[in-house]
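Report on the structure given below.
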Amino acid sequence: LIQERERLCVRRERDMGGSIARWWLAWVALFLCVCTASGDIPQTARIDEPRSGSCFEYGTSMRIVARMARALDIDIRIDVDRKELTRLDPGFHERDIFWDRDRWTPGVHIIEVWLEDFDAAPPLPAPDSETLEAEDPPEVRQKGTLLAESHILVHDSSHLNLPHCGEHGSKTWHCPLAVHRPYPIDDNETARAIVGYGHSNWHEFAECMRVWQVAYPDAKAAAKFELGKLEDARGHWDTALSLYREAGEGGMGLFPERIQELERLHEEQQNAPHCHWEETERRDRLGYGLGADEAVEGAESKGDLYLSVVLVTRHDNTQYCQSPNHDSCLDRLRASLSALLQTLSLEGLAKDSEVIIVEYNPCHSTKKHEEGSCDERPTGYWDMQEIVKSRIIPPQGGGPDIRVLTISEEVHEQLWNPIGFDLLEFVGKNAAARRARGQFLLFTNPDDVISPQIIATIGDRHLHEHVMYSTFRDAVGAWIPVGKHATAKSILRFVENHKVKKYYCEGGICEEDHPWYPPASCQGSWEENPPVVTEYGGLHDSAAGDFMLVSRRLMATTRGYPELPTNIFVDGTLLYSGAAHGFKQLVFRDDCSIYHQPHPRSYNTRGHLFGFEAYKGLVSEILKQGKQANLRDENSTVPEDKVPHHRFNKRNWGLEYHALPEVTFTPVCPGAQEES
């Protein structure tokens, strides 16, 4: 009767002369017409386009056709990926929605038709500070009843880009299909993976695509193609080849160029020697290696290598290390160092460079267990020596040594530290500089991938000792896969396919897409057009902590980074201190950039000793000091908190008199040695 109510209502007057039974039915129908105008009648809807299980090429402008039967004055809402797209006005029973404003991104999408209830959902509680900082704050949504849904797959056959799926885009992956996760899980790349092997949504996406093949057999080829891209990005060349071929046989095309490239990479991988790290030296080292004698003009450099790369890190419990996934900082370190070592080896610097990792106040040995940083946890913390041996990918054919230098809790507690930071990045970088063997020192961070073009430029060995080399910081647009089968080549290949340019150079001027810093000079050589620096803004200091390439002479002359008890704005002061002492800046351009892996800030960088305006004032004072910039008056007796910041460092900068524990690791490749 309910389903026939409209037909009977229309016919009730026409059939008045019928039998008693028809009179009875007419009265029943009239009763239903009155009652159901405001009653709870089940609603029905369907999505005619796109049908569930459909596959579309990335870039397609798609049409949603939703048809429904419903009572009047009740809102119908169309959602895409759990976000409202449009509503249907009362009175409409069917409607075509053309969604051509945006391109559907690669991955799984869900389209839903909702019947909304009359009462709005209760208001959300006031968000805390962590929620306010989230990329996708929760939305206030109406309560309702789901009437229809459709799952679709958008694939991109032209790129290796991983899909950004689900309700929170690339931040949190959502698979709308029921995914079976067998237990126990043996794959090391799940959310409960062994540290340093990579987590995030890779495993979940693979599982979703396997379920997709079963649920929607007609879309199997597209699912295999997406799985092939995932295995391709992770360095599983043989598995990717098989999936690409199956996708081609299923009608997706043959992709001959991609298949040929993977065949070559797979063959190289099969023939590559199995390399590992061996501990070759263990000692305590003072900081006598870089002293004031090297600041004298014309003095011979004591560096017996061409390049030392320096970074400061540790495994801790900060937001930087534990977000977006458990121990994410180790994944970023694995990607950055593995790519760097391979590139140094390829550019002829295998035996003429070194990498110094400063492990600062490590959590695995601290006694204080600072809250939010080194909290006690059942699994404990990894030390950098173990990370190097088991997680950093040795360069094929041999490469630079890695030296792990430790600044202990006891040494850290001797420093002036009024804010109470438990990690002082630039004290660590100075300590490494005093003990470095390179003629040139490259200071970077454990989340940056340095472009092969920069390393190739350094490998030409045409650097000037009176030049400070800077560059632009671009970004990696997706989480780098660092599974146990990953290689340095797969990491570099992934970065190349997912790099996001943030700076653009036109007509000799480079502008950032975000206006915090002024435009930077892009001169080809400082000798042709040496800049004159008289105030803040005369140098390119954006992301100077991520990349700074200078000579031993500059570090000896300026006494390194000011050893101020803070981690913000210190990086730029070295540039201006160098300018005050007569050094010039050259900014690399075009592809000579670094690629920053996304991560949240650590609490260690949230506090600061001074703000941006005070930093600009400090720069002005540094430039006024000339050749006295950052050189403390050794006869001064003022307390530490009264020492002017523009003349801060003593002669014993870089923890010169502290015997810091150091362990050296050398890559060993038995097959390569036998060939040579």
Side-chain angles (χ1 to χ4, degrees), residues 41-124 127 131 134-156 161-178 201 204-205 208-209 212 215-216 219 222-223 226 477:
I41 300 301
Q43 305 299 309
T44 61
R46 71 178 187 270
I47 300 173
D48 287 349
E49 294 184 33
R51 291 192 178 279
S52 207
S54 301
C55 291
F56 298 89
E57 177 69 22
Y58 174 53
T60 302
S61 180
M62 206 172 302
R63 183 173 76 157
I64 301 173
V65 180
R67 306 184 190 279
M68 57 214 72
R70 43 169 237 176
L72 299 178
D73 301 323
I74 300 179
D75 285 339
I76 294 292
R77 190 182 73 239
I78 309 296
D79 287 1
V80 175
D81 295 336
R82 305 291 162 79
K83 292 183 180 179
E84 181 179 321
L85 172 66
T86 188
R87 290 170 184 256
L88 301 188
D89 299 329
F92 279 95
H93 288 268
E94 62 181 53
R95 184 173 176 183
D96 294 2
I97 302 112
F98 292 88
W99 192 22
D100 53 7
R101 299 189 307 273
D102 301 300
R103 303 170 77 187
W104 296 76
T105 56
V108 177
H109 295 273
I110 181 170
I111 302 159
E112 298 169 312
V113 179
W114 286 85
L115 170 68
E116 288 201 338
D117 293 347
F118 290 104
D119 299 326
L124 294 170
T131 303
E135 296 177 15
D136 299 296
E139 301 174 0
V140 177
R141 296 171 56 84
Q142 297 287 100
K143 295 189 296 183
T145 303
L146 180 64
L147 300 180
E149 63 181 356
S150 178
H151 304 146
I152 64 170
L153 173 63
V154 177
H155 63 85
D156 183 0
N161 295 336
L162 275 179
H164 300 304
C165 305
E167 58 179 325
H168 296 302
S170 60
K171 184 182 176 187
T172 303
W173 194 83
H174 169 78
C175 181
L177 300 171
N201 58 11
E204 286 82 354
F205 174 69
C208 186
M209 286 299 94
W212 187 279
Y216 308 111
E226 293 298 326

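Using a distance-only test at 3.5 Å, with no hydrogens or angles considered, a donor-acceptor pair links the side chain of S150 to the main chain of S52.
Residue C208 comes nearest to V108 through the heavy atom pair SG-CG2, 4.3 Å, listed as atom of the first residue, atom of the second, then distance. E226 and V154 make their closest contact through OE2-O, 4.1 Å (heavy atoms, listed as atom of the first residue, atom of the second, distance).
H151 NE2 to R51 CZ: the interatomic distance, rounded to the nearest 0.5 Å, is 15.0 Å. Between the CG atom in L153 and the SG atom in C55 there is a gap of 4.5 Å [rounded to 0.5 Å]. Taking CZ from R77 and OG1 from T86, the interatomic distance works out to 11.5 Å, rounded to the nearest 0.5 Å.
Y216 is linked by a ring-ring contact (aromatic ring centres under 6.0 Å, His included) to W212, counting only residues two or more places apart in sequence or in another chain. For E149, there are no side chain to side chain donor-acceptor pair (under 3.5 Å) partners, not counting sequence neighbours.
Contact check for I78 versus V113: side-chain heavy atoms found under the 4.5 Å cut-off. A 4.5 Å side-chain heavy-atom check between I111 and H109 finds every atom pair outside the cut-off.
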